J.: 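My structure is below; once you've seen it, I'll send some questions.
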Amino acid sequence: MTESWATFGADLHLDLTAGRGLRAGLTEALREAARSGRLAAGTRLPSSRTLAADLRIARNTVAEAYAELVAEGWLTARQGSGTRVAERARPRRPAATAPVRRPARKGPAYSLIPGSPDLGGFPRAAWLSAARRALTDAPNEAFGYAADPRGRIELRQALAGYLARARGVYADPERIVLCAGFLHGLALLAGVLRARRVREVAVEGYGLDFHRDLLVRAGLRTRPLGVDGEGARTGELTAAAGAVLLTPAHQFPTGVALTPARRAAAVDWARTTGGLILEDDYDGEFRYDRQPVGALQGLDPDRVVYLGTASKSLAPGLRMGWMVVPPGLLDEVLAAGRSTEWACGALDQLTLAEFLTSGAYDRHVRGMRLRYRRRRDELVAAVGDRVGVSGIAAGLHAVLDLPEGLERSVLQSAAWQDLALHGLGRFRHPESGLPGRDALVVGYGTPSDSAWGPTLAALAAALP
């Protein structure tokens with residue numbers, strides 16, 4: 001049978017030494033590749049016929065070069081095993097230098113930093129089953145370049161059904177845009193707002209600094225709204241703001257739900273001024289002591305952009321998010337994203353679609369809801385009467401209120417316990433006029449099951 005490049009072994013890149021004969025140049029190139037370690041010991045080389053065809057030289061030239069290197073001990077040749085780089089070949093080592101001593105860096109042994117689910121709870125077996133089904137059923141065109149910048153229609157249809165059923169969202173698949181997580185979606189919307197000549201976005205007085213920073217980098221000013229036991233004070237919204245970023249179902253980090261009156265005030269503001277509401281529904285699936293709070297988007301789908309992700313329900317590493325975009329905004333969002341990578345790969349999108357439609361997603365969320373509720377109850381029991389606990393009716397974090405002036409000292413005590421912990425002050429907008437409130441924001445979803453007990457003990461030891 002005729003040998004060809006399509007039939008045999010691995011490709012082999014060689015830089016033939018200039019100014020020497022073919023055989024000598026090939027021999028030296030192979031010797032140097034083995035000596036330097038670029039060809040690792042045990043690497044199988046192409047047959048003499050294949051390499052000769054690739055280099056367009058005579059087969060005997062390659063055979064002679066191989067024979068010489070076998071004799072020198074750089075290569076080995078055995079019947080049935082082919083020609084390989086010998087085990088004796090080792091890379092050249094640079095001249096010995098004094099070792100550079102660097103201080104050892106070790107993160108805290110325990111973490112209650114909010115924002116992450118228990119990554120050990122990712123449903124590997126169920127996800128793998130869904131991935132196999134999705135791969136089996138995937139159309140050939142799914143392996144090509146994305147034809148629709150909104151993402152795979154299979155996932156958009158599955159999300160439309162799920163969001164309508166579970167979150168009260170009016171979600172037409174044609175208006176769902178898949179993105180690589182919340183920050184990606186927020187960046188696209190910030191670009192749209194700048195293109196609309198919006199200068200100011202209202203944000204909650206307590207919130208994530210990197211959300212605010214993203215808006216500022218896009219050229220937008222952020223103006224803080226007050227936050228109290230009824231959520232953001234949406235009555236403070238003015239015509240100066242072209243948009244407002246809210247966490248209505250579970251304010252981050254205080255944990256309160258936006259009341260019906262303040263929801264209505266936000267929608268009235270948007271209708272009156274033409275502003276947009278950006279709704280971050282980051283952990284809406286996890287509630288324990290209350291009925292589920294539906295999405296604000298249901299009150300006015302034409303003025304609210306709904307943003308959700310799989311980061312809390314599954315894992316942030318999936319980089320899977322979605323936006324439900326008002327009809328009048330869709331073309332602008334798609335235009336803003338033309339120069340960026342849109343979302344995760346098509347196969348991951350198809351897998352999530354299968355995960356949703358098969359019921360596996362609902363089963364997983366219910367199971368994790370029970371796990372997190374147990375942790376919340378154990379947290380409340382562990383801190384006892386020493387601190388007040390709030391924001392625990394839903395989500396994956398709790399707020400522990402401290403006596404006035406103790407937040408900094410408790411954080412230092414936590415560091416002595418090798419525990420990573422955030423205070424509430426970390427999340428206060430720098431321009432907020434909110435009174436100082438000493439508290440801890442405890443992400444009880446973050447530790448693994450095996451680390452949960454020791455982490456809880458470290459927290460209890462750090463409290464006054």
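Remember, it's a predicted structure, so these values are computed and weren't measured experimentally. For the single chain, residues carry numbers from 1 onward in sequence order. Just so you know, these numbers use all the heavy atoms, side chains as well, and skip hydrogens, waters and symmetry mates.
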J.: Using atom types as modelled and distance alone, determine if a side-chain donor or acceptor of Arg175 lies under 3.5 Å from a backbone N or O of Val325.
T.: yes
J.: Do Leu112 and Thr446 have side-chain heavy atoms sitting under 4.5 Å apart?
T.: no
J.: Could you tell me whether Asp362 and Arg165 have a side-chain N and a carboxylate O separated by less than 4.0 Å?
T.: yes
J.: Can we say Asp302 and Arg271 salt-bridge, meaning some charged N sits less than 4.0 Å from an Asp/Glu carboxylate O?
T.: no
J.: Between Tyr361 and Glu285, does the side chain to side chain donor-acceptor pair (under 3.5 Å) criterion hold? Intermediate values first, please.
T.: CA-CA 11 Å; Tyr361 186 85; Glu285 286 106 340; 2.9 Å; yes
J.: Is the side chain of Gln297 donor-acceptor paired with the backbone N or O of Val304 at a distance under 3.5 Å, no angle test?
T.: no
J.: For Asp348, is there an ion pair with Arg319 - N to carboxylate O distance below 4.0 angstrom?
T.: no
J.: Taking it one step at a time, do Arg150 and Glu174 satisfy salt bridge (Lys or Arg N to Asp or Glu O under 4.0 Å)?
T.: CA-CA 8 Å; Arg150 291 169 296 186; Glu174 298 304 306; 2.9 Å; yes
J.: Does Arg375 come within less than 4.0 Å of Glu378, counting only side-chain N to carboxylate O?
T.: no
J.: Which of parallel (below 30°), tilted (30 to 60°) and perpendicular (above 60°) describes Phe252 and Phe427?
T.: perpendicular
J.: When you check the side-chain N and O atoms of His364 and Ser313, is any donor under 3.5 Å from an acceptor?
T.: no
J.: Test salt bridge (Lys or Arg N to Asp or Glu O under 4.0 Å) on Arg152 and Glu141; report intermediate values, then the result.
T.: CA-CA 11 Å; Arg152 294 294 307 180; Glu141 49 90 11; 3.0 Å; yes
J.: Is there a donor-acceptor pair closer than 3.5 Å between any side-chain N or O of Ser409 and the backbone N or O of Leu406?
T.: yes
J.: Let me have the donor-acceptor pairs involving side chains of residues 132-140, under 3.5 Å, with sequence neighbours excluded, atom names and distances please.
T.:
unit_1: Arg133; atom_1: NE; unit_2: Glu354; atom_2: OE2; d: 2.6
unit_1: Arg133; atom_1: NH2; unit_2: Glu354; atom_2: OE2; d: 3.2
unit_1: Thr136; atom_1: OG1; unit_2: Arg132; atom_2: O; d: 2.8

J.: If the threshold is 4.0 Å, N to carboxylate O, is there a salt bridge linking Arg376 and Asp289?
T.: yes
J.: Looking at Met320, is its backbone amide N or carbonyl O close enough to the side chain of Thr309 to form a donor-acceptor pair, meaning the two atoms are under 3.5 Å apart?
T.: no
J.: Compute the centroid of each ring, for His250 and then for His397, and state whether the two points are separated by less than 6.0 Å.
T.: yes
J.: Salt bridge or not for Arg262 and Asp228, using N-O below 4.0 Å?
T.: yes
J.: So that I can tick it off, tell me whether Arg263 and Glu230 are bridged by a salt bridge, with the cut-off set at under 4.0 angstrom between side-chain N and carboxylate O.
T.: no
J.: Using a 6.0 Å cut-off, check whether atom OH of Tyr170 has over 12 heavy atoms from anything other than its own residue.
T.: no
J.: Sub-3.5 Å donor-acceptor pair from the side chain of Arg223 to the main-chain atoms of Glu200, do we have one?
T.: no
J.: Give me the atom names and distance for the closest heavy-atom approach of Lys312 to Pro117.
T.: O-CB, 3.4 Å
J.: Ignoring hydrogens and angles, tell me if any N or O in the side chain of Arg303 forms a donor-acceptor pair with the backbone of Gly274 under 3.5 Å.
T.: yes
J.: Name the one of Arg428, Arg426, Gln251 that satisfies side chain to side chain donor-acceptor pair (under 3.5 Å) with Tyr206?
T.: Arg428
J.: Given 3.5 Å as the limit, does a donor-acceptor pair link the side chain of Asp438 with the main chain of Gly405, or not?
T.: yes
J.: Indicate whether any N or O donor in one side chain lies under 3.5 Å from an N or O acceptor in the other, for Tyr306 and Asp281.
T.: yes
J.: So do the side chains of Phe286 and Leu396 get within less than 4.5 Å of each other, counting heavy atoms only?
T.: yes
J.: Mind checking whether His211 and Phe182 have ring centres under 6.0 Å apart?
T.: yes
J.: Do Glu279 side-chain atoms and Val305 backbone N/O form a donor-acceptor pair below 3.5 Å?
T.: no
J.: Might you confirm whether atom CD of Glu404 has over 12 heavy atoms from other residues, nucleotides or ligands at distances under 6.0 Å?
T.: no
